[in-house]
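Shown below is the structure under consideration.
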Amino acid sequence: MNRPLPQFLTTLDNLGRRLEDALLVLLLGGLIVLAALQIVQRDLFSGGFVWSDELLRLLVLWLALVGAVAASRDDNHINIDVLSRWLPVRLRLAARVIVDLFTCGLCGLLAWHGGRFVAGEREFASTVLGGLPAWPFEAIIPVGFGLIAWRYAVFTARDLIRLARGEVAA
Amino acid sequence: MILGGLALILLALLGAPLFAVIAASALWGFSRSGVDLSAAAIEFYRIAEMPVLLAIPLFTFAGYLLSESHAPQRLVRLTRALIGWVPGGLAIVALAVCALFTAFTGASGVTIIALGALLYPAMLEDGYDESFSLGLVTTSGSLGLLFAPSLPLILYGVVAQQSSAGAGVSIDRLFLAGLLPGILMVVLLGGYSFWCNRRHRLPLSAFSWREVGTALWAAKWELPLPLVVLGGIYGGIFAVSEAAAVTAVYVLIVEVLILREIPLRNLPDIMRQSMVLVGGILLILGVSLASTNYLIDAGVPGRLFTLVRAHVSSPLTFLILLNLFLLVLGALLDIFSATVLVVPLILPVATGFGINPLHLGIIFLANMQIGYLTPPVGLNLFIAGYRFKQPITRIYWATIPFFLILLLCVLIITYWPALSLLLAGGQ
């Protein structure tokens, strides 16, 4: 789907996909094992690790963002999309450029302010899981939104190239 | 102000991801009222502060696993052995099985893909009318939305708990509240199917104890699942998120290790698919926490209530208007976005009119269920069109009788609060 783009972007895209897939499997696997262990521990030893609740919740946050990044690889986010169906093909492509640019800019903005939030947490030395610094766990927020912004930047570039070459929307 | 709002709506209609549109409105609201924009990230981080969200990835994964296994076939076989001999029996089988299955897959369209492909050809083969079969299978794709542990029920509970008006809404009580209204839908649709096919006597399968026994034995692993979930929660053994963990582990062991219907090498792909859906939903939830926070700070729910109160005096009129509004909403937005965006606004208004938040949840989701069948965005119409290779308009006409029955159900659910509140004990 990224045909009009340079080769290194396609390679990078493939690498990114594999990394995301691996990370999703690890996170979900970890979530299942930890959640199951917690029940076993509670029943057998009447009380799990004090930090397992918190770790589970952090895993959910990570799953949410990595899953969202993975959803953006094929522009697979929940949307409405009722107007573009009725537009002529060229205009539809132009609308895509606007929509992709908007999404890219917005995620960039969220990544930036997310980064400020994480930097602040680092300064205040917030902790999680009984003493670990919180900021590396929270860093998934700016990183996740940054990666989504990157994906939509690539979409924008691809659609612009298509528009310039006079191709029709996919 | 109005211009900016219109621009956002236009972007949404052109296909911009809804999370981006919601996030834009939140950032815009924050900057107008002079709040530091990193507040959006702080609100998003609340995803990591709600223990019950754990249930969402776990149940979703279990649902995806079930749909990839042969569990749908076994379920159809068993139900067919039990009620296949009734006129219209196969239609009723379709309704019952889809409802059970959707409860676990969360009405994400998986039901039509996994079960529709099985039931639609079977119905045609047994001589059911093509249009009737198409309409029934399309409708069944979102039936069961009100049964535990469906994703929309959990999400409504999560969103309601964020509001002071919905503080008493716990997920396990919501599960109970959905039970009777869900059964009402299955019974009315089943009654219609029976009536439509009352003369359809031909290839009724004979009832056989032997077949029931074999089918029961074949489904022995899946049958305890609803018992584990519901029994575990209401027996006070598990919290909702623990029941989700048990379900995920159980399904994983049964389908992958014991029955070996899902090869280990397919597992990463199923995990990824299910987590892409979860990521999409939680992303919308996270950014809507920020936009809702802004709306509440700006006093929007209060002003909305004053506005509605000025024009509407009786709860009955309010409920009629609410139904109309929700039907339009369901036609425009998917169930997850609609829940995170609209519930924080209507919940305080509805409780102001004396409507129980549990009852409101069931009204809301029942209306949204109809949204699956209404153009322009009705998800089931598109999935069925894609799956059965039929034009959308044809599917739309085929679903109309079922649509009307569901509408009747929504009215009964709305004006008969006891149906939702009897089991949940929230009178």
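Reckoned from all heavy atoms, side chains included, excluding hydrogens, waters and symmetry mates. Chain A is the first sequence line, chain B the second, and so forth, proteins listed ahead of strands; every chain is numbered from 1.
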Q) What do you reckon, is CG of B/Leu264 surrounded by more than 12 foreign heavy atoms closer than 6.0 Å? A)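 12 or below, so no.
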
Q: Counting only heavy atoms closer than 4.5 Å, note whether B/Asp269 contacts chain A via side chain, backbone, both or neither.
A: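 Contact with chain A involves no heavy atom of B/Asp269 at all.
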
Q) What part of A/Ile140 lies closer than 4.5 angstrom to a heavy atom of chain B: side chain, backbone, both or neither? A) neither

Q.
Is the shortest side-chain heavy-atom distance between A/Phe102 and B/Leu14 below 4.5 Å?
A. no

**Q.** Which of A/Leu56, A/Leu110, A/Leu24, A/Leu28 touches chain B most, by non-hydrogen pairs under 4.5 Å
**A.** A/Leu28

Q. Checking heavy atoms, do the side chain of B/Ile56, its backbone, both or neither come under 4.5 Å from chain A?
A.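 Neither; nothing under 4.5 Å.
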
Q: Below 4.5 Å from any heavy atom of chain A, which atoms of B/Ala40 appear? Answer side chain, backbone, both or neither.
A: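 Answer is side chain: those atoms of B/Ala40 sit under 4.5 Å from chain A.
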
Q.
Shorter than 4.5 Å, heavy atoms on both sides: which option in A/Asn79, A/Val118, A/Leu65 has the most such pairs with chain B?
A.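 Heavy-atom pairs under 4.5 Å are most numerous for A/Asn79.
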
Q. Measuring from A/Glu20:CD to B/Met275:CE, what's the distance to the nearest 0.5 Å?
A.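 A/Glu20 atom CD to B/Met275 atom CE measures 14.5 Å (nearest 0.5 Å).
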
Q) Just wondering, do B/Phe61 and A/Ile32 contact through their side chains at under 4.5 Å, heavy atoms? A)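 In contact.
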
Q | Heavy-atom pairs under 4.5 Å with chain A, option from B/Ser274, B/Ala24, B/Gly280, B/Ala248 with the top count | A | B/Ala24

Q. Would you say B/Leu37 and A/Trp112 make side-chain contact, with heavy atoms under 4.5 Å?
A. no

(Q) For A/Leu59, which atoms come within 4.5 Å of any heavy atom of chain B: side chain, backbone, both, or neither? (A)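 The answer is neither part of A/Leu59.
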
Q: Could you have a look at B/Ala41, B/Ala12, B/Gly286 and say which one has the most heavy-atom pairs with chain A under 4.5 angstrom?
A: B/Ala41

Q) Nearest 0.5 Å, what's the CD1-CZ distance between B/Ile42 and A/Arg116? A)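 Rounded to the nearest 0.5 Å, the CD1-CZ separation comes out at 9.0 Å.
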
Q.
Heavy-atom pairs under 4.5 Å with chain B: which of A/Asn76, A/Val66, A/Leu106 has the most?
A.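 If we count pairs closer than 4.5 Å to chain B, A/Leu106 comes out on top.
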
Q: Kindly indicate whether the side chain of B/Leu267, heavy atoms from C-beta on, has any atom under 4.5 Å from the side chain of A/Val25.
A: no

(Q) Evaluate B/Val278 against A/Leu63 for side chain to side chain contact (heavy atoms under 4.5 Å, CB included), listing each step before the verdict. (A) CA-CA 8 Å; B/Val278 168; A/Leu63 264 180; 5.5 Å; no

Q | Part of A/Phe137 lying under 4.5 Å from any heavy atom of chain B | A | neither

Q) Are A/Ile98 and B/Leu11 close enough, and set up right, to give a side chain to side chain contact (heavy atoms under 4.5 Å, CB included), and what steps lead you there? A) CA-CA 8 Å; A/Ile98 295 172; B/Leu11 278 168; 4.1 Å; yes

Q. So how far is it from B/Ser241 OG to A/Arg57 CZ, rounded to the nearest 0.5 Å?
A.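 Here the interatomic distance stands at 10.5 Å.
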
Q: Give the member of B/Ala239, B/Ala20, B/Ala23, B/Ser337 that has the highest number of heavy-atom pairs under 4.5 Å with chain A.
A: B/Ala20

Q. Where on B/Ile284 is there a heavy atom nearer than 4.5 Å to chain A: the side chain, the backbone, both, or neither?
A.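 Looking at B/Ile284, just its side chain touches chain A.
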
Q) Using the ring of each side chain (for Trp, its six-membered ring), is A/Phe117 parallel, tilted or perpendicular to B/Tyr45, with breaks at 30° and 60°? A)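 Tilted.
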
Q. Hey, mind stepping through B/Leu283 and A/Ile78 against side chain to side chain contact (heavy atoms under 4.5 Å, CB included) and telling me if it holds?
A. CA-CA 10 Å; B/Leu283 188 64; A/Ile78 298 174; over 6 Å; no

Q: Among A/Gly115, A/Ala64, A/Ala35, single out the residue with the greatest number of heavy-atom pairs under 4.5 Å to chain B.
A: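 Between A/Gly115, A/Ala64, A/Ala35, the count favours A/Ala64.
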
Q. Looking at B/Pro51, B/Ala48, B/Ala244, B/Ala39, which makes the most heavy-atom pairs under 4.5 Å with chain A?
A.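 Top count of heavy-atom pairs under 4.5 Å with chain A: B/Ala48.
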
Q. In terms of heavy-atom pairs under 4.5 Å with chain A, which of B/Ile47, B/Leu10, B/Leu54 leads?
A. B/Leu54

Q) Rounded to the nearest 0.5 Å, how far does CE of B/Met50 lie from CG of A/Leu61? A)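 It is 11.0 Å, given to the nearest 0.5 Å.
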
Q | Closest heavy-atom pair and its distance - B/Val249, A/Ala36 | A | CG2-CB, 3.8 Å

Q.
Is A/Leu27 in contact with chain B via its backbone, its side chain, both, or neither, using a 4.5 Å heavy-atom distance?
A. neither

(Q) Give me the atom names and distance for the closest heavy-atom approach of B/Pro17 to A/Thr103. (A) CD-OG1, 3.3 Å

Q: Sort B/Leu8 into side chain, backbone, both or neither according to what part of it lies under 4.5 angstrom from a heavy atom of chain A.
A: side chain

